[in-house]
Amino acid sequence: MKYNFLKKIEHHAKFLSHHQALVSNDKSLSYADLYQLIKNCTSILQQHDIGQGSIVGLSIPDEILHLIVSFSLLAVGAKQITLATHDSEPVRTNIAEQVCVTDIITTNKKYHLMNIGMILLSNDMVFRNTKQTNNISEGVILDDNEEQIYLRTSGTTGDINIVGFSQQQLALQSLRHTQYSDERFLKLNSTEHNNTKRHHLYCLYQGGTCIIRGTSSVPLSSFCHQHEVTWLELTRIHLADLARNFTPPQTKFFPETKIIATGSKIPYELRRTIQQRVTDKFYVRYGCTEFGSISFVLPDDHGPTESVGCPYSGVEIEIIGNDGEKLPSDMIGKIRIKADGMATHYVGNPEKSAHHFHDGWFYPGDMGSLRGDGTLTLHGRQDDMMIMNSLNIFPSEIEHVLEQHPSIKIACAVGIPSKVHGEIPVAAVELYDNVQTTAIELKAYARENLALKTPRKILILKSLPYSQQGKILRQKLIEIFCKEGA
Amino acid sequence: MKSMALRQHLITIIIDSGVYEPPSSDDQQAFINDELDIELERLDIDSLASMEICIGIELEMGVSIVPTQLSQLRTLKGLEQEIIGYKS
């Protein structure tokens with residue numbers, strides 16, 4: 001195999017042996033330590049007959065142990081999928097059934113799922129002193145295209161879709177992040193979240209340092225200072241809280257910390273607030289599970305168009321119309337993307353695969369426009385566009401206006417199905433703490449700024465419904481509105 | 001939904017719809033108290049306001065009414081009865 005994660009770790013263990021690979025509040029593992037622990041864990045897996053042909057569900061909330069087991073599974077040639085402990089049992093069952101999990105590795109004695117065999121693992125077992133000396137990187141010969149890591153998509157519809165990646169695909173994706181080799185990388189969501197896991201894998205492949213925050217109650221800025229975090233990835237909700245609660249100079253980040261926002265559309269106002277109050281080293285990245293990272297905005301390039309920036313090197317982006325023809329600059333259409341390392345299908349779902357993957361492109365279902373300089377602006381999901389009495393309304397148009405209101409932290413617009421009008425635009429909002437406003441006031445504000453495209457109903461919610469990945473569950477919101485009107 | 005609450009909703013929908021001649025506060029209250037009926041013609045409802053009224057009724061009461069139906073009704077009380085008819 002040309003791209004082999006274990007060979008990379010072995011290489012780092014040899015040439016960067018003392019360089020920190022994984023750091024948490026109570027552990028600091030060098031690449032040499034990590035490689036040894038992977039060897040120990042590989043030996044345990046082999047004793048349990050885990051190898052090629054095994055499809056292993058991982059239910060390990062301890063992030064360092066999770067990553068060690070993950071690498072060990074790659075070493076023995078097994079396939080793996082995370083069965084996150086924060087997911088409900090029906091969700092875990094659904095995922096395990098979709099990929100036909102044969103074994104589950106867990107740290108919880110009481111854990112059970114269907115009748116799948118359990119392997120109980122602990123830190124003690126892996127971190128014991130008996131050092132395995134086997135050479136693991138040469139152990140299993142796999143085809144370059146053999147899918148080994150399954151990731152579930154963070155869809156907003158509630159459907160669970162799964163994509164599989166070979167080590168080669170993940171390695172090719174990680175080449176979009178070669179800068180990780182010099183970074184101390186922190187992502188607030190845990191490794192049980194797919195996007196965090198893949199970036200931890202990229203970071204370790206590149207020889208960087210993954211900082212694990214776990215359940216530390218130390219304020220984020222202090223934690224970053226303490227661990228000299230240089231690369232901090234946040235979702236929009238984290239970002240909004242940070243912008244609101246950051247009080248310089250008391251809360252000071254490590255001077256080298258760059259902040260990267262991922263996961264959903266980041267309003268210009270929020271970007272400006274972060275740059276003015278927290279750090280000017282602020283980036284925005286657009287990506288998806290099926291593809292990895294697509295584009296990014298550099299600190300000097302934020303603007304009112306709320307662009308998600310230029311594509312990463314090796315990534316091609318096109319905007320196409322309904323007829324499949326490429327559209328000129330500034331026209332809004334469907335986004336399609338291609339790059340080495342992208343997924344090629346959804347596991348066990350040929351219909352959905354045919355819809356999203358064809359002619360060598362991946363169609364993420366997002367609407368966008370490309371400017372002449374190659375920067376991409378998102379205009380919401382293709383499926384989310386509402387048509388009310390022949391008027392096309394993108395949720396982003398409504399959300400953008402609502403989020404200019406000083407009381408609104410985040411807004412989400414959806415279309416309620418109507419027998420007469422097609423869809424009726426409505427919106428739910430989450431307010432900042434300690435602000436006072438009413439739905440009537442917000443409706444008047446929206447009417448003044450959006451005219452016909454105004455949401456006909458606005459609900460103020462304590463929290464919008466979010467997926468585990470921090471994306472708003474629009475379908476859930478539609479259900480809330482439908483119940484309200486019943 | 002009780003009759004009084006329904007009438008209260010209807011008044012809110014009419015005001016929100018942007019009719020040219022909204023009823024006075026006294027007339028609104030009298031209608032809510034079922035002491036007064038209001039002629040729709042008096043409200044000067046154009047096609048946009050008519051669409052907004054239909055949308056409001058569908059969103060708040062779950063009853064689908066098309067603008068042509070609305071134009072055939074004479075009074076607000078008639079509209080209330082139409083909605084009750086759909087809901088029963």
Side-chain angles (χ1 to χ4, degrees), chain A residues 385-393 395 397-398 401-402 411-429 437-461 474-475 477-486, chain B residues 1-23 25 28-29 32 40 43-73 78-88:
Chain A
M385 191 186 81
M386 303 164 232
I387 304 176
M388 183 185 69
N389 299 321
S390 309
L391 179 70
N392 290 357
I393 308 170
E397 296 175 271
I398 297 173
V401 167
L402 288 177
C412 179
V414 291
I416 302 296
S418 160
K419 286 178 200 157
V420 178
H421 310 283
E423 281 161 300
I424 302 171
V426 294
V429 298
T437 188
T438 62
I440 293 172
E441 188 189 314
L442 296 177
K443 237 179 114 175
Y445 164 81
R447 169 71 72 181
E448 197 180 322
N449 290 283
L450 284 159
L452 267 182
K453 293 186 174 183
T454 195
R456 297 326 195 261
K457 191 169 189 172
I458 295 181
L459 280 182
I460 299 176
L461 299 178
R474 290 177 185 270
Q475 195 54 43
L477 208 50
I478 292 172
E479 287 166 24
I480 292 171
F481 273 103
C482 288
K483 264 187 204 162
E484 276 273 319
Chain B
M1 192 180 285
K2 295 226 169 93
S3 302
M4 198 166 174
L6 192 151
R7 287 194 293 275
Q8 170 79 66
H9 268 305
L10 259 184
I11 285 294
T12 308
I13 290 166
I14 295 291
I15 304 298
D16 278 358
S17 71
V19 294
Y20 286 109
E21 298 290 343
S25 306
Q28 288 177 33
Q29 198 52 56
I32 292 166
L40 292 175
L43 304 175
D44 199 0
I45 303 173
D46 67 4
S47 60
L48 264 183
S50 167
M51 182 187 82
E52 293 296 341
I53 292 169
C54 294
I55 288 173
I57 290 169
E58 189 167 344
L59 261 185
E60 298 298 335
M61 300 166 190
V63 171
S64 301
I65 284 181
V66 294
T68 44
Q69 264 174 292
L70 185 66
S71 66
Q72 284 159 10
L73 296 168
L79 179 56
E80 182 195 347
Q81 292 308 314
E82 187 87 1
I83 294 165
I84 291 170
Y86 271 104
K87 286 180 92 72
S88 58

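Just so it is clear, the values below take in all heavy atoms, side chains as well, and ignore hydrogens, waters and symmetry mates. A, B, ... follow the sequence lines: proteins, then strands. Residue 1 opens every chain. Computed from a predicted model, the values in this text were never measured in an experiment.
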Chemist: Go through A/H421, A/M388, A/R447, A/K443 and name the one with the most non-hydrogen pairs under 4.5 angstrom from chain B.
Modeler: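 Option with the top pair count is A/H421.
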Chemist: Which atoms of A/P417 are under 4.5 Å from chain B, going by heavy atoms: the side chain, the backbone, both sets, or neither?
Modeler: backbone
Chemist: Measuring only between side-chain heavy atoms, which start at C-beta, is B/I13 closer than 4.5 Å to A/R456?
Modeler: no
Chemist: Below 4.5 Å, heavy atoms only, C-beta onward: do B/I55 and A/V420 meet side chain to side chain?
Modeler: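 Not touching, per the 4.5 Å side-chain cut-off.
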Chemist: Under the criterion salt bridge (charged side-chain N to carboxylate O under 4.0 Å, His left out), I'd like the reasoning laid out for B/E58 against A/K419: C-alpha separation, chi angles, the key distance, then a yes or no.
Modeler: CA-CA 9 Å; B/E58 189 167 344; A/K419 286 178 200 157; over 6 Å; no
Chemist: Under 4.5 Å from any heavy atom of chain B, what part of A/I440 do you find: side chain, backbone, both or neither?
Modeler: neither
Chemist: Could you give the side-chain donor-acceptor pairs of residues 61-70 of chain B under 3.5 Å, partners two or more places apart or in another chain?
Modeler:
from: B/Q69; atom 1: OE1; to: B/V66; atom 2: N; distance (Å): 3.0
from: B/Q69; atom 1: NE2; to: B/E82; atom 2: OE2; distance (Å): 3.3
from: B/Q69; atom 1: NE2; to: B/Y86; atom 2: OH; distance (Å): 2.7

Chemist: Less than 4.5 Å apart, any side-chain heavy atom of B/M51 and any of A/L452?
Modeler: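 Yes, their side chains come closer than 4.5 Å.
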